[in-house]
Amino acid sequence: MAYRLSGKVAIVTGASAGIGRATARALACEGADVVVADVAEQGGHETADLIKSAGGSAIFVRTDVSNSDDVQAMIRRATEEFGGVDLAFNNAGIEGTQAAAADFSEKDWNRVLSVNLTGVWLCMKYEIPEMLKRGGGAIVNCSSVAGLVGFPGIAPYVASKHGVVGLTKATALDYATTGLRINAICPGVIDTEMIHRFTHEDPNAEVQMADMAPVQRMGRPEEIADAVVWLLSDASSFVTGQAIAADGGFVTR
Ligand code: NAD
């Protein structure tokens, strides 16, 4: 079997759980050396151990993507351990609290924007120079269907995810001639801890969330991982600056 990403070094942020963990594992299955970056240490070590016990290559680096020093240290560790950076899935994100837009505290607003939007920019800021040293690469930023349409009750999240789409488009244009492709993935409702927290584990609320998609089910983290692997591989070599929904038809409705 041919591995699509042999010899490539891939960073995955928010890789201690959910979509990030599934994608880190999928990238390793394709032969990439994977940097598992997350604030959550136990889950991060678990993801790296899962990859290594399946015969893959991974290190865990504790990283808060909203902290510039952490992001820079994570990139340094990637280059020391694996020699450079080729691919990145900037996936770390938080759902924040729920309220009408005017009722959020400034602290809650700033926290969601600093992780979900500034965190993606900070990661790209330090990933891109390393990728350019190696003649290019590929980046996927994690947005959401909430980056394509509005939802009530989660204005900071919706704003941050729309921001990720705009940031992705602008940055893809900045580097279009350099061999670096940058796209966003926009997942629909995916069965992860984030959704369980969001619905407060209420089974009725979870069914309602699942029914929002025309396919009438939640997605699995592995279904997002497959799309991200495609976007990070040469199989998508003419795709850049796109925000691709993987959402069971949600935004088509
Ligand atoms: P999750 O909560 O299961 O995993 C998110 C991971 O990000 C966790 O491991 C967490 O520790 C990590 N993280 C949080 N803040 C961080 C920080 N400051 N620095 C580094 N890591 C941090 O959530 P998930 O569902 O896997 O979500 C992954 C991404 O997908 C998020 O950006 C989320 O907004 C997006 N998304 C999720 C869904 C969904 O339905 N689950 C839908 C659309 C988009």
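Numbering of ligands and ligand atoms starts at 1, following listing order. This one's a predicted model, so the numbers in the text were calculated from it and none came from an experiment.
Annotation: side chain of I19 is in contact with side chain of T23 (closest heavy-atom distance under 4.5 Å). With contacts defined as side-chain heavy-atom distances shorter than 4.5 Å, the pair I51/L27 does not qualify. Between I190 and R220, every side-chain heavy-atom pair lies at or beyond the 4.5 Å cut-off.
Checked for salt-bridge contact, K8 and E30 miss the test: no charged N lies under 4.0 Å from a carboxylate O. In this structure, R77 does not pair ionically with E80, as no charged nitrogen and carboxylate oxygen lie closer than 4.0 Å.
For ligand 1, the protein residues within 4.0 angstrom (heavy atoms only) are G14, S16, A17, G18, I19, D38, V39, A40, T63, D64, V65, N91, A92, G93, I94, R111, V115, C142, S143, S144, Y157, K161, P187, G188, V189, I190, T192, E193, M194, I195, R197.
Checked against a 6.0 Å centroid threshold, the rings of F151 and F250 count as neighbours.
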